[in-house]
Amino acid sequence: MADNSKTEDTASDSVEAAKNSSNKKEKLSDQVMQNPQVLAALQDRLDNTALTPSSYIETLPKAVKRRIDALKQLQVKCAHIEAKFYEEVHDLERKYAALYQPLFDKRREFINGEAEPTDAESEWHSENEEEDKLAGDLKNVVVIEEKAEEANVKGIPDFWFTIFRNVDMLSELVQEYDEPILKHLQDIKVKFSEPGQPMSFSLEFHFGPNDYFSNPVLTKTYKMKSEPDKTDPFSFEGPEIVDCEGCTIDWKKGKNVTVKTIKKKQKHKGRGTVRTITKQVPNDSFFNFFSPIKVSADGEALDEDSEFTLAADFEIGHFFRERIVPRAVLYFTGEAIEDDDNFEEDEEGEEEFISILS
């Protein structure tokens, strides 16, 4: 009995102590909250807390949120109109591609030595005319030797190969064993899908006779979509490449640079004998460009490496279409590359300036 009474007293004391502790905390809290300096500091902190756009929207009345939803409906309709706009732009590109083509055909003739430009066609006033005049005077000294050399030069040697070498995005793809093949490249054309057909464009690489493959033309087709995504319509920013198709290269025997043959030793588990086998494995080459990764028809996700490779492929295809083919001579001379570099420097300078201001 004495032990039970002692236990009850101990429990009672613990409860009382807890109540006293709680009362002290409440009194301390009341004293703090009644302190004007503490209240001012808390208010200042609340005032300076930046609201995120989403948290701000949550604070708005229901009627206002309803109007915002209506604005989003309008934005989706705008995205669909924008998609139609880009479809008409594609039609215009097709129309003007036909107007450019006679000029590109003449370009091909000059490059491949199929025709010679007239004096009027070859007249060009450069920014460095004085230097050019001096260089011309010096050349007159060896005019006989020059004429002898010119008789052996046809067109503009290695025109497209030089472009590949000048442009970093392309030179990174080219291996040493690709170079002799690319020297046979005579022209690159862009073809747009026909009216009424799904939006796409094709790159045609025209090659002269060579010892590597029999195809006169290698093709790569990029399929495009100009339609807002149903699950995320606000992400629409214009046509995007969604898939691409290459072509089969008819390699001549022993000339396929996209594969290499390796020798591998195999040991028989039972007998312990060793044999050497040969095996073909993929090899780095620009010509893998014509065997792209396929996008799954059922929407199955690609692994990270495949997604990166496909994105790089799309970027290269777009660069050929938008920059290389229309402005080939300027990538041959390097002038377009200098312009691209200057543009990138201007962008970096602008970002730095904005950063300083902010």
Side-chain angles (χ1 to χ4, degrees), residues 83 86 90 93 160-161 163-165 167-179 181-182 184-185 188-194 197-207 212-232 235-252 255-262 264 279-325 331:
Y86 283 113
H90 188 74
E93 284 185 303
W160 292 102
F161 169 64
I163 292 173
F164 272 73
R165 192 169 53 192
V167 178
D168 289 343
M169 185 187 295
L170 303 181
S171 65
E172 290 172 357
L173 302 176
V174 177
Q175 308 300 318
E176 187 176 350
Y177 38 81
D178 292 328
E179 294 180 3
I181 312 175
L182 289 172
H184 291 281
L185 182 58
I188 304 176
K189 294 181 179 180
V190 178
K191 295 288 182 70
F192 293 91
S193 54
E194 294 298 324
Q197 296 295 318
M199 187 183 292
S200 68
F201 69 91
S202 297
L203 300 174
E204 295 183 353
F205 294 75
H206 293 250
F207 286 84
Y212 298 90
F213 49 76
S214 57
N215 314 58
V217 182
L218 302 181
T219 59
K220 181 78 169 281
T221 299
Y222 289 89
K223 299 177 181 180
M224 305 173 71
K225 183 182 77 170
S226 181
E227 181 183 350
D229 191 306
K230 292 180 180 179
T231 59
D232 185 17
S235 65
F236 181 73
E237 293 182 348
E240 60 176 335
I241 297 172
V242 293
D243 198 5
C244 56
E245 290 182 358
C247 66
T248 300
I249 302 178
D250 299 322
W251 294 100
K252 295 180 180 180
K255 297 293 186 178
N256 188 348
V257 295
T258 65
V259 295
K260 61 183 176 182
T261 302
I262 61 170
K264 190 176 181 181
K279 183 180 179 183
Q280 282 196 331
V281 295
N283 196 29
D284 289 338
S285 169
F286 164 72
F287 291 91
N288 290 321
F289 179 72
F290 300 98
S291 302
I293 294 171
K294 289 297 296 176
V295 176
S296 174
D298 56 8
E300 185 180 344
L302 299 171
D303 60 62
E304 189 174 342
D305 288 343
S306 297
E307 284 188 357
F308 178 81
T309 301
L310 201 59
D313 189 314
F314 291 173
E315 185 179 1
I316 292 167
H318 184 75
F319 195 76
F320 269 115
R321 167 190 162 176
E322 294 290 329
R323 308 287 291 176
I324 297 293
V325 173
Y331 282 96

For [Y], does its backbone N or O pair with a side-chain atom of [X] as donor and acceptor, under 3.5 Å?
X      : Y      : result
Asn215 : Ile249 : no
Thr221 : Ser202 : no
Asp178 : Phe286 : yes

Would you say that [X] contacts [Y] through its side chain, given a criterion of any heavy-atom pair below 4.5 Å between the two side chains?
X      : Y      : value
Ile316 : Leu173 : yes
Phe201 : Ile241 : yes
Phe289 : Leu203 : yes

Q: Assess the pair Phe320 and Phe205: is the distance between their ring centroids shorter than 6.0 Å?
A: yes

Q: Could you note down all residue pairs passing salt bridge (charged side-chain N to carboxylate O under 4.0 Å, His left out) where residues 312-322 supplies at least one of them, sequence neighbours left out?
A: Glu93-Arg321, Lys220-Asp313

Minimal non-hydrogen separation, [X] against [Y], with atom names:
X      : Y      : result
Tyr86  : Gly238 : CE1-CA, 3.5 Å
Tyr331 : Val167 : CD2-CG2, 3.7 Å
Phe290 : Thr219 : CD2-O, 3.5 Å
Asp284 : Tyr177 : O-OH, 2.5 Å
Ser226 : Ala83  : OG-O, 3.1 Å

Q: Determine the sole option in Phe213, Phe161, Tyr212 for which the ring pair (Phe, Tyr, Trp, His ring centres under 6.0 Å) test with Phe207 is passed.
A: Phe213

Looking at [atom1] of [X] and [atom2] of [Y], how far apart are the two atoms once the value is rounded to the nearest 0.5 Å?
X      : Y      : atom1 : atom2 : answer
Glu240 : Glu227 : CD    : CD    : 10.0 Å
Lys225 : Phe236 : NZ    : CZ    : 9.0 Å
Thr261 : Asn256 : OG1   : CG    : 9.5 Å

Q.
Using a 6.0 Å cut-off, check whether atom CZ of Phe319 has over 12 heavy atoms from anything other than its own residue.
A. yes

Q.
Counting only heavy atoms from other residues, nucleotides and ligands, does the tally under 6.0 Å from NZ of Lys260 exceed 12?
A. no

Applying salt bridge (charged side-chain N to carboxylate O under 4.0 Å, His left out), name anything that partners [X], two or more places apart in sequence or on another chain.
X      : value
Lys255 : none
Lys223 : Glu245
Asp243 : Lys294
Lys191 : Glu204

**Q.** Derivation and outcome, side-chain contact (heavy atoms from CB on, under 4.5 Å), residues Val259 and Trp251
**A.** CA-CA 11 Å; Val259 295; Trp251 294 100; over 6 Å; no

(Q) Applying side-chain hydrogen bond (donor to acceptor under 3.5 Å, both in side chains), can you list everything that pairs with Ser193, at least two apart in sequence or on another chain? (A) His90

